[in-house]
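All heavy atoms count here, side chains included; hydrogens, waters and symmetry mates do not. Nothing here was measured: the structure is a model prediction, and the numbers come from that model.
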Amino acid sequence: MLNVVERELELKLVLSPERSIPVPARLSYRTADPYAVHITFHIGSEAPVHWTFARELLVEGVFRPCGHGDVRIWPTKTDEHNVISVALTSPDGNALLEVPSAAVAAWVERTLHVVPPGTETERLGLDEALAELLAPLPADDLWLSDPWSSDESPFQDGEV
């Protein structure tokens, strides 16, 4: 079974309406983290920049404006090309990126094929983890059993 869906692509970091620079990036989706998408930007620094946000936000952003706060996504057209605009906000600054629509839509479709919408919780294994957490251990038998039957008392008549 496929556990990771990745795509290398080149985004445009919009500096002004007239100027943008290319930024290599990697989109990643992991079935072990089924609600999230990860974007790694290779910006020429010592370490790449990582962003993680809801897969549903990217799915919706392919078709219509969505998001608020730190991540906003919307489809648009620039220079006769369809792109997905991604606005990122952090304490370190803001970035407006343009991603080729066709590449993002195809990648999102692959993630939806690997983990269909509505089946994400099955990937988390919450039921199994909860059952394991709540399963009685052999030592629990001492605490769960009644040391005296309902007819007997630990004390004899007259003893206190």
Side-chain angles (χ1 to χ4, degrees), residues 1-137 139-140 143:
M1 160 154 272
L2 189 62
N3 292 323
V4 177
V5 178
E6 291 187 323
R7 170 81 192 243
E8 297 281 340
L9 48 85
E10 187 172 275
L11 314 178
K12 288 184 181 178
L13 175 61
V14 179
L15 302 174
S16 72
E18 303 82 31
R19 186 163 182 243
S20 62
I21 58 173
V23 177
R26 174 186 293 135
L27 292 171
S28 298
Y29 178 75
R30 301 177 194 111
T31 58
D33 190 8
Y35 289 105
V37 294
H38 307 271
I39 301 179
T40 303
F41 302 102
H42 306 282
I43 57 172
S45 61
E46 277 187 31
V49 175
H50 302 281
W51 275 78
T52 301
F53 53 89
R55 175 176 73 161
E56 184 59 33
L57 188 62
L58 191 54
V59 169
E60 187 175 338
V62 168
F63 301 103
R64 66 187 141 277
C66 64
H68 54 2
D70 295 345
V71 180
R72 290 169 292 139
I73 302 173
W74 65 95
T76 192
K77 187 175 260 195
T78 61
D79 300 328
E80 302 304 315
H81 294 96
N82 291 325
V83 297
I84 305 296
S85 293
V86 179
L88 303 173
T89 303
S90 79
D92 295 327
N94 304 317
L96 176 60
L97 301 149
E98 293 175 346
V99 188
S101 291
V104 171
W107 181 81
V108 165
E109 185 65 33
R110 287 177 51 208
T111 72
L112 296 173
H113 180 71
V114 172
V115 179
T119 66
E120 294 92 348
T121 53
E122 297 167 17
R123 301 294 177 145
L124 295 176
L126 293 178
D127 291 337
E128 296 82 10
L130 196 55
E132 182 180 332
L133 182 66
L134 297 175
L137 298 172
D140 293 338
W143 295 103

Heavy-atom closest contact (N94 atom, S90 atom, distance)
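Heavy atoms only, the tightest pair is OD1-N, 4.2 Å.
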
Results of salt bridge (charged side-chain N to carboxylate O under 4.0 Å, His left out) for [X] - residues two or more places apart only:
X	value
R55	E120
E56	none
R64	E60

Please indicate whether H42 has more than 12 foreign heavy atoms, meaning atoms of other residues, nucleotides or ligands, lying under 6.0 Å from its NE2.
yes

Given V37 and L27, is the side-chain contact (heavy atoms from CB on, under 4.5 Å) satisfied, shown in steps?
CA-CA 7 Å; V37 294; L27 292 171; over 6 Å; no

Enumerate, atom names and distances included, each donor-acceptor pair closer than 3.5 Å involving a side-chain atom of residues 6-14, sequence neighbours excluded.
residue	atom	partner	partner atom	Å
E6	OE2	S28	OG	3.1
E8	OE2	R26	NE	2.6
E8	OE2	R26	NH2	2.7

Could you tell me whether the side chain of [Y] reaches within less than 4.5 Å of the side chain of [X], counting heavy atoms only?
X	Y	value
V71	L88	yes
V108	L112	yes
N82	P75	no

Decide yes or no on side-chain contact (heavy atoms from CB on, under 4.5 Å) for H113 and V5, but give the supporting numbers first.
CA-CA 10 Å; H113 180 71; V5 178; over 6 Å; no

A102: what forms a side chain to side chain contact (heavy atoms under 4.5 Å, CB included) with it, not counting sequence neighbours?
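Not a single residue meets the side chain to side chain contact (heavy atoms under 4.5 Å, CB included) criterion with A102.
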
V62 and side-chain contact (heavy atoms from CB on, under 4.5 Å): which partner among V104, I73, V99?
V104

Can you pull the salt bridge (Lys or Arg N to Asp or Glu O under 4.0 Å) pairs that have at least one residue in residues 86-97, sequence neighbours excluded?
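Non-adjacent pairs meeting salt bridge (Lys or Arg N to Asp or Glu O under 4.0 Å): zero.
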
Spacing of CZ belonging to F63 relative to CD1 belonging to I84, to within rounding of 0.5 Å
8.5 Å

Once rounded to the nearest 0.5 Å, what's the spacing between atom OH of Y29 and atom CD1 of I39?
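So the OH of Y29 and the CD1 of I39 are separated by 14.5 Å.
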
Check step by step if side-chain contact (heavy atoms from CB on, under 4.5 Å) holds for L97 and W51.
CA-CA 13 Å; L97 301 149; W51 275 78; over 6 Å; no

